[in-house]
Amino acid sequence: MSEEKSHNFIEEIIENDLKEGKYKSIVTRFPPEPNGYLHIGHATSIWLNFGVAKKYGGYTNLRFDDTNPATEETEYVESIKEDVKWLGYEWKNEHFASDYFEQLYEFAVRLIKKGLAYVDDSTSEEIAAMKGTPTEPGKDSPFRGRSIEENLRLFEEMRAGKYPDGARVLRAKVDMASHNMIMRDPVLYRIKHAHHHRTGDQWCIYPMYDMAHPPSDSIEEVTHSLCTMEFIPHRELYDWLLENIESFPSHQYEFARRNLSYTVMSKRKLLQLVQDGYVESWDDPRMPTISGMRRRGYTPEAIRDFCERIGVAKRDNLVDVGLLEFCVREHLNKVALRRMVVFDPLKVVLTNYTGAVEMLEGEENPEDENSGSREIPFGRELYIEREDFMENPPKKFFRLFPGGMVRLKHAYIIRCDEAVKDENGNITELHCTYIPESKSGSDTSGINVKGTLHWVEVTNAITAEVRLYDRLFKVEDPSNEEGDFKDYVNTESLQTLSAAYAEPSLKNARLNERYQFLRKGYFTLDNKDTYSRLVFNRTVTLKDAWAKEQKKG
RNA sequence: UGAGCUAUGGUGUAACGGUAGCACUACAGAUUUUGGUUCUGUCUGUCAAGGUUCGAAUCCUUGUAGCUCAACCA
């Protein structure tokens with residue numbers, strides 16, 4: 001293992017800081033706002049924050065940025081915690097920005113006392129108008145010159161509930177002519193008579209992101225505060241604030257958020273998909289949410305591997321969802337139990353098979369010698385996949401056709417003698433001959449066949465519902481197309497088969513167990529346990545070289 | 001068009017002035033009782049133009065393109 005592993009730019013910064021003795025150990029934090037579900041984009045941030053802290057012997061806090069009571073709920077807190085844990089990460093401390101409200105208030109008072117913050121009576125429209133534009137400087141608010149005493153009194157009164165929502169705000173006094181719009185006297189506190197999910201009705205003023213986030217990092221002595229690129233302009237204010245409240249100097253570093261092809265990532269857009277009924281819920285298996293991917297059967301190992309492979313940098317990106325699927329397949333191939341399930345049945349009658357049903361043996365997982373085996377009943381009547389038979393096969397068709405031979409997996413070689421049809425010419429069943437000497441494991445027939453089919457014995461078959469998922473969108477980057485992103489939803493992204501025929505061992509299918517349905521894909525039991533029947537979600541298909549061959553024409 | 005950030009194969013990411021590498025994809029082949037897996041090989045790249053240097057993806061200059069910033073959201 002002498003192979004040199006390259007570092008991403010965050011790791012370089014940290015190693016440098018450690019080498020220069022800037023910090024003895026490092027602290028990071030993952031700071032979700034509890035107003036929605038986590039998605040694969042958050043997974044990168046989680047992987048980064050927890051990953052670097054662990055790598056360099058530090059730790060990571062989970063901190064909920066709950067400064068906006070209007071949108072935040074405890075329900076989200078719980079789902080976020082569950083998702084982070086499921087991904088395999090452990091936080092050192094669990095915090096809420098709302099735990100710091102008293103301290104944040106004191107910090108604000110400190111700013112006022114230094115003449116660095118003032119109460120502004122302007123309306124939000126007036127403040128916006130005075131802000132200027134990126135090309136023109138802003139104008140000072142008429143309230144900018146208030147005395148420290150008056151500001152102190154007014155801010156206290158704001159807290160005491162003397163004013164209605166929107167009547168006044170507390171603003172930082174920085175620079176109305178700054179090129180950086182964030183520095184043009186940003187709002188620090190607003191009045192909101194709203195019930196908070198944790199502090200109840202204790203407060204009627206709430207800090208803005210810029211007042212809450214940097215001091216929260218500082219209180220926790222976070223050394224490396226990692227966020228996405230759109231916060232770059234906030235860094236100047238971040239530093240200004242921590243310097244002026246004279247608190248621990250945390251530092252902010254920005255990385256580019258990851259985008260995934262054939263999906264959307266913003267909470268707003270995901271919410272629309274749920275509300276407008278394009279998907280059934282936040283944890284619909286087609287959603288790029290952590291809970292959706294979990295329900296679909298993706299594994300934490302695969303998701304972590306994916307994050308590792310795409311890495312982190314600062315440029316715009318659109319990661320190919322094919323890489324995620326590769327990571328999922330790679331892991332599932334190692335752990336999934338093999339089973340046989342026929343989706344679209346065609347009956348096969350073995351005309352020379354006269355015995356009773358016999359039990360055959362099939363390995364649980366060929367990739368794992370210790371996985372053991374399962375029993376599979378075999379008999380005179382079987383189901384095979386309708387698409388595995390063709391009357392007039394094209395070249396390179398290795399499956400069944402009149403006069404052709406195939407191996408039935410774990411069983412015998414059969415030859416197709418006749419396709420039986422109804423009066424309309426539809427094939428109703430196949431009459432075949434099996435080769436008794438060709439039994440799997442003790443084949444003395446000397447026959448070599450190209451194709452191997454999966455199958456299920458008719459009398460022992462059980463039925464299961466199978467849900468096949470495809471990409472949620474028809475285009476790579478729906479957010480970048482003309483018009484509404486919802487116009488590009490793939491309306492055929494879910495196909496439900498209500499009664500597939502499965503081998504009987506699947507009767508004992510367990511939640512969280514992964515299965516490979518031979519030649520079909522990876523599947524797992526749906527985690528909504530409200531069903532009295534078996535419902536399997538397709539996690540991802542197998543690679544299909546034959547489909548590719550056919551496409552070539 | 002003020003300011004900021006970013007530009008390396010189809011995609012993602014390395015190379016820290018010294019042979020442009022890795023992974024995915026694609027393609028070709030071998031193996032295979034899953035047209036899966038595994039294995040082998042092949043194609044494709046430094047945004048542009050100048051400059052500095054023995055030597056530039058890397059440093060400098062000037063362009064070009066994409067993204068971000070004017071919420072009492074985070």
Side-chain angles (χ1 to χ4, degrees), chain A residues 3-8 12 31-33 35 65-68 70-72 120 122-124 127-129 131-138 165-171 178-182 184 187-192 205-206 208-210 212-213 227 229-236 254 256 258 261 267 308-327 329-330 333-334 338 340 366-367 396-399 406-411 413 438 440-441 443 448-454 476 516-521 541-550:
Chain A
E3 193 177 310
E4 207 152 300
K5 188 84 164 53
S6 59
H7 293 152
N8 62 52
E12 272 180 30
E33 184 188 12
N35 70 344
D65 238 332
D66 57 347
T67 58
N68 185 1
T71 58
E72 295 151 5
D120 195 330
S122 311
T123 64
S124 63
I127 289 176
K131 204 128 215 177
T133 69
T135 53
E136 307 158 42
D165 287 6
R168 297 181 212 270
V169 292
L170 182 74
R171 286 228 259 171
S178 173
H179 287 303
N180 183 351
M181 300 292 290
I182 302 294
R184 320 244 262 227
V187 172
L188 263 22
Y189 266 91
R190 78 281 211 184
I191 300 172
K192 244 180 208 210
I205 57 172
Y206 291 95
M208 300 287 291
Y209 168 84
D210 289 305
H213 201 107
C227 62
M229 300 281 282
E230 63 273 24
F231 289 94
I232 288 177
H234 293 258
R235 187 178 60 226
E236 197 179 348
E254 310 86 8
R258 319 311 304 203
S261 64
K267 281 184 200 168
E308 183 82 39
R309 284 170 187 265
I310 61 180
V312 61
K314 297 183 81 158
R315 63 182 103 129
D316 294 333
N317 59 81
L318 183 62
V319 182
D320 188 349
V321 70
L323 181 61
L324 212 207
E325 292 172 344
F326 168 83
C327 295
R329 285 191 190 104
E330 188 174 61
N333 178 49
K334 294 192 195 109
R338 312 293 135 125
M340 294 198 285
E367 304 294 318
K396 294 201 229 172
F397 185 80
F398 305 154
R399 307 177 185 184
V406 292
R407 154 83 57 188
L408 294 178
K409 181 75 179 175
H410 301 309
I413 292 174
S438 68
S440 218
D443 184 354
N448 260 321
V449 293
K450 271 275 181 88
T452 301
L453 308 186
H454 63 280
E476 267 204 324
Q516 185 197 99
F517 294 175
L518 252 49
R519 305 206 302 139
K520 286 294 181 185
T541 59
L542 256 24
K543 274 216 283 194
D544 191 345
W546 171 238
K548 200 179 277 180
E549 181 69 32
Q550 283 175 303

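At the heavy-atom level, A/Met208 lies under 4.0 Å from the strands shown only through sugar-phosphate atoms. A/Leu318 comes within contact range of the sugar-phosphate backbone alone, with a heavy-atom separation under 4.0 Å but no base atom that close. A/Val169 comes within 4.0 angstrom of a nucleotide base, judged by non-hydrogen atoms across all strands. As judged by a 4.0 angstrom heavy-atom cut-off over every strand, A/Thr541 is placed among residues making no nucleic acid contact. Looking at heavy-atom distances under 4.0 Å, A/Tyr206 makes no contact with the nucleic acid at all. Note on A/Gly166: a base of the nucleic acid sits closer than 4.0 angstrom, heavy atoms only. Residue-level contact check: A/Asn35 touches neither bases nor backbone, having no heavy atom under 4.0 Å from any strand. Within 4.0 Å of A/Asn180, counting heavy atoms only, lies no atom of the nucleic acid at all.
Scanning both residues, A/Glu33 and A/Thr71, for their nearest heavy atoms gives OE2-OG1, 3.4 Å. In this structure, A/Glu136 and A/Arg184 approach most closely via the heavy-atom pair O-NH2, 2.7 Å.
Rounded to an integer number of Å, the gap from A/Asp320 CG to B/G10 P is 14 Å. If you measure from atom CZ of A/Arg315 to atom P of B/A57, you get 16 Å, rounded to the nearest angstrom. Between the P atom of B/A71 and the CZ atom of A/Arg171 lies a distance of 11 Å, rounded to the nearest Å. Rounded to a whole Å, the CG atom of A/Asp65 is 16 Å from the C1' atom of B/A71. One interatomic measurement links the two molecules: CD of A/Glu308 to C1' of B/C24, which rounds to 15 Å at whole-angstrom precision. Atom CD of A/Glu325 is separated from atom C1' of B/U11 by 14 Å (rounded to the nearest Å). What separates NE2 of A/His179 from P of B/C69 is a distance of 18 Å, to the nearest Å. B/A74 atom P lies 11 Å from atom NE2 of A/His213, rounded to whole Å.
Among the nucleotides B/G2, B/A71, B/A74, the one closest to any side-chain atom of A/Phe231 is B/A74. Nearest nucleotide to the A/Ile232 side chain, out of B/A74, B/G2, B/G4: B/G4.
Taking for each of A/Leu323 and A/Asn317 the nucleotide of RNA chain B with the nearest heavy atom, the 5'-most of the two is the partner of A/Asn317. Comparing A/Val319 and A/Ser122 along RNA chain B, the residue whose closest nucleotide (by nearest heavy atom) sits nearer the 5' end is A/Val319.
Between B/G41 and B/G35, the two P atoms lie 26 Å apart (nearest whole Å). Distance noted for atom P between B/G10 and B/C47: 12 Å (whole Å). With P as the reference atom, B/A57 and B/U8 are 15 Å apart, rounded to whole Å. Spacing between B/A70 and B/A48 at atom C1', rounded to whole Å, works out to 33 Å. Straight-line distance between the C1' atoms of B/G4 and B/C39: roughly 49 Å, to the nearest whole Å. Straight-line distance between the C1' atoms of B/A56 and B/U61: roughly 15 Å, to the nearest whole Å. Distance noted for atom C1' between B/U37 and B/C59: 48 Å (whole Å). Taking atom P on both B/G18 and B/U58, the two are 12 Å apart, rounded to the nearest angstrom.
Checked for salt-bridge contact, A/Arg309 and A/Glu330 meet the test: a charged N lies under 4.0 Å from a carboxylate O. Ion pairing of A/Arg407 with A/Asp443 is present here, as a side-chain N (NZ or NE/NH1/NH2) and a carboxylate O approach within less than 4.0 Å. We find that A/Arg171 and A/Asp120 are joined by a salt bridge, their nearest charged nitrogen and carboxylate oxygen being less than 4.0 Å apart.
Pairing of B/G35, defined by two Watson-Crick or G-U wobble distances under 3.5 Å, is not identified with any nucleotide. For B/G41, the paired nucleotide is B/C27, the pair qualifying as Watson-Crick or G-U wobble because both relevant distances are below 3.5 Å. In this structure, B/C54 and B/G18 make a Watson-Crick or G-U wobble pair, each of the two defining distances being under 3.5 angstrom. Applying the Watson-Crick and G-U wobble criteria (two distances, each under 3.5 Å), B/A74 pairs with nothing in any strand. Look at B/A7: its Watson-Crick or wobble partner, with both distances under 3.5 angstrom, is B/U64. Nucleotide B/G2 is matched to B/C69 when pairs are restricted to Watson-Crick or G-U wobble geometry with both distances under 3.5 angstrom.
In terms of phosphate contacts, A/Arg190 brings no side-chain nitrogen or oxygen within less than 4.0 Å of OP1 or OP2 of B/A71. At the phosphate of B/A74, OP1 or OP2 sits under 4.0 Å from a side-chain N or O atom of A/Thr67. Proximity of A/Lys548 to the phosphate of B/A26: a side-chain N or O atom is located under 4.0 Å from OP1 or OP2. Between A/Arg258 and B/U13 there is a side-chain N or O to OP1 or OP2 distance below 4.0 Å.
Remark: side-chain polar atoms of A/Asp320 are not paired, donor with acceptor, to backbone N or O of A/Leu323 under 3.5 angstrom.
A/Tyr209 and A/Phe231 have tilted rings, their planes meeting at an angle from 30° to 60° on a 0 to 90° scale.
A/His234 contributes a side-chain N or O that forms a donor-acceptor pair with the base of B/A74 under 3.5 Å.
The shortest side-chain heavy-atom distance between A/Pro31 and A/His213 falls under the 4.5 Å cut-off. Residues A/Ile413 and A/Leu408 fail the side-chain proximity criterion, which asks for heavy atoms closer than 4.5 Å.
Side chains of A/Asn180 and A/Glu236: a donor on one and an acceptor on the other come within 3.5 Å.
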Exercise. Reading nucleotides 30-48 of chain B from the 5' end, what letters show protein touch, with B for base, S for backbone sugar-phosphate only, - for no heavy atom under 4.0 Å?
Worked result: ---BBBBS-----------
